[in-house]
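Notes for the one structure printed next.
Keep in mind that what you see is a predicted model, and the values were worked out from it rather than measured.
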Amino acid sequence: MFDRFKSLPMARIAPLAGPMVADLLRYAIASTLTFLTGIAMGYRPGGGVAGVVLAILLTMIAGWSLAWVFTWVGTLARSAQSVQGISMMIMFPLTFMSNALVPVETLPGWLAAFVKVNPVSYVVTATRDLANDGQVTGHVGWAIVACAAVIAIFAPLSVRGYKRHL
């Protein structure tokens, strides 16, 4: 497949960059549909339209930053199934060991300690702060810092891994 990419008249980075840009559109659609479904079910965001738009932008940034991790995994793995398996091993603990599903106060101490430093918890709390209260809190800042750090680490690794195959 990489030989075919080399022979096509396109930028060498296009097969890597194209899906990453398409992911942004997918995240925007998914986030918008999630909020619209919530609103249809009775959710009324206290942050108003601006808070919801900022929350959607934050989730897009967070999703896009994590996509770089999986892009890097894709340059290392031998098959699509292994990429999917590795991705689930990464996302399962990050998602289910966060404050997305239950309040931190109800968790045992050892689990609460992990949940408090989990980057997904920062994104979840920041999104709630933006949508529910319209407030840009410290959680928003930490979520953006965490996303920037993930991109700064995994985007170059992904590009290097991709170029190695060319």
Side-chain angles (χ1 to χ4, degrees), residues 13-74 77 80-81 83-155 157-158:
I13 200 71
L16 185 65
M20 294 302 294
V21 171
D23 281 346
L24 286 172
L25 178 61
R26 193 168 41 116
Y27 300 144
I29 292 169
S31 299
T32 302
L33 288 175
T34 300
F35 271 103
L36 290 176
T37 301
I39 290 168
M41 293 172 58
Y43 170 64
R44 298 296 175 254
V49 175
V52 169
V53 169
L54 289 174
I56 289 172
L57 286 173
L58 180 61
T59 57
M60 288 173 57
I61 292 167
W64 194 67
S65 68
L66 285 174
W68 281 108
V69 176
F70 305 128
T71 300
W72 176 65
V73 169
Q81 291 84 4
V83 172
Q84 184 177 12
I86 294 167
S87 299
M88 285 304 297
M89 286 180 9
I90 294 169
M91 285 308 297
F92 187 81
L94 285 177
T95 303
F96 290 103
M97 294 177 76
S98 72
N99 64 350
L101 303 174
V102 295
V104 178
E105 300 78 34
T106 63
L107 300 173
W110 64 271
L111 184 56
F114 178 80
V115 168
K116 288 178 183 176
V117 297
N118 184 344
V120 173
S121 294
Y122 284 106
V123 173
V124 169
T125 302
T127 302
R128 288 176 178 158
D129 290 345
L130 289 168
N132 292 338
D133 304 324
Q135 295 180 9
V136 179
T137 62
H139 290 287
V140 175
W142 282 113
I144 291 171
V145 166
C147 292
V150 169
I151 293 169
I153 293 167
F154 288 99
L157 288 174
S158 298

Query raised in the report: What pair of heavy atoms forms the shortest contact from P19 to P15, and how long is it?
Result: CD-O, 3.1 Å
Query raised in the report: Just wondering, do Q135 and L130 contact through their side chains at under 4.5 Å, heavy atoms?
Result: no
Query raised in the report: Do the side chains of T137 and V140 get nearer than 4.5 Å, heavy atoms only?
Result: yes
Query raised in the report: What pairs with D129 under salt bridge (charged side-chain N to carboxylate O under 4.0 Å, His left out), at least two apart in sequence or on another chain?
Result: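 None.
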Would you tabulate the side-chain donor-acceptor contacts of residues 83-103 under 3.5 Å, counting partners in other chains and residues two or more places apart, or write 'none'?
from, atom 1, to, atom 2, distance (Å)
S87, OG, V83, O, 2.7
T95, OG1, M91, O, 2.9
S98, OG, T95, O, 2.7
S98, OG, A100, N, 3.2
N99, ND2, T125, OG1, 2.7

Query raised in the report: At what distance, to the nearest 0.5 angstrom, does CG of L111 lie from NZ of K116?
Result: 11.0 Å
Requested in this report: Please round to the nearest 0.5 Å and tell me the distance separating atom OG1 of T34 and atom CD1 of I39.
Outcome: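 Rounded to the nearest 0.5 Å, the OG1-CD1 separation comes out at 11.0 Å.
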Anything under 3.5 Å between a donor and an acceptor, one on a side chain of residues 54-73, the other on a protein residue two or more places apart or in another chain? List them.
from, atom 1, to, atom 2, distance (Å)
T59, OG1, S31, OG, 3.0
T59, OG1, A55, O, 3.3
T59, OG1, I56, O, 2.8
W64, NE1, M20, O, 3.0
S65, OG, I61, O, 3.4
S65, OG, A62, O, 2.8
T71, OG1, A67, O, 2.8

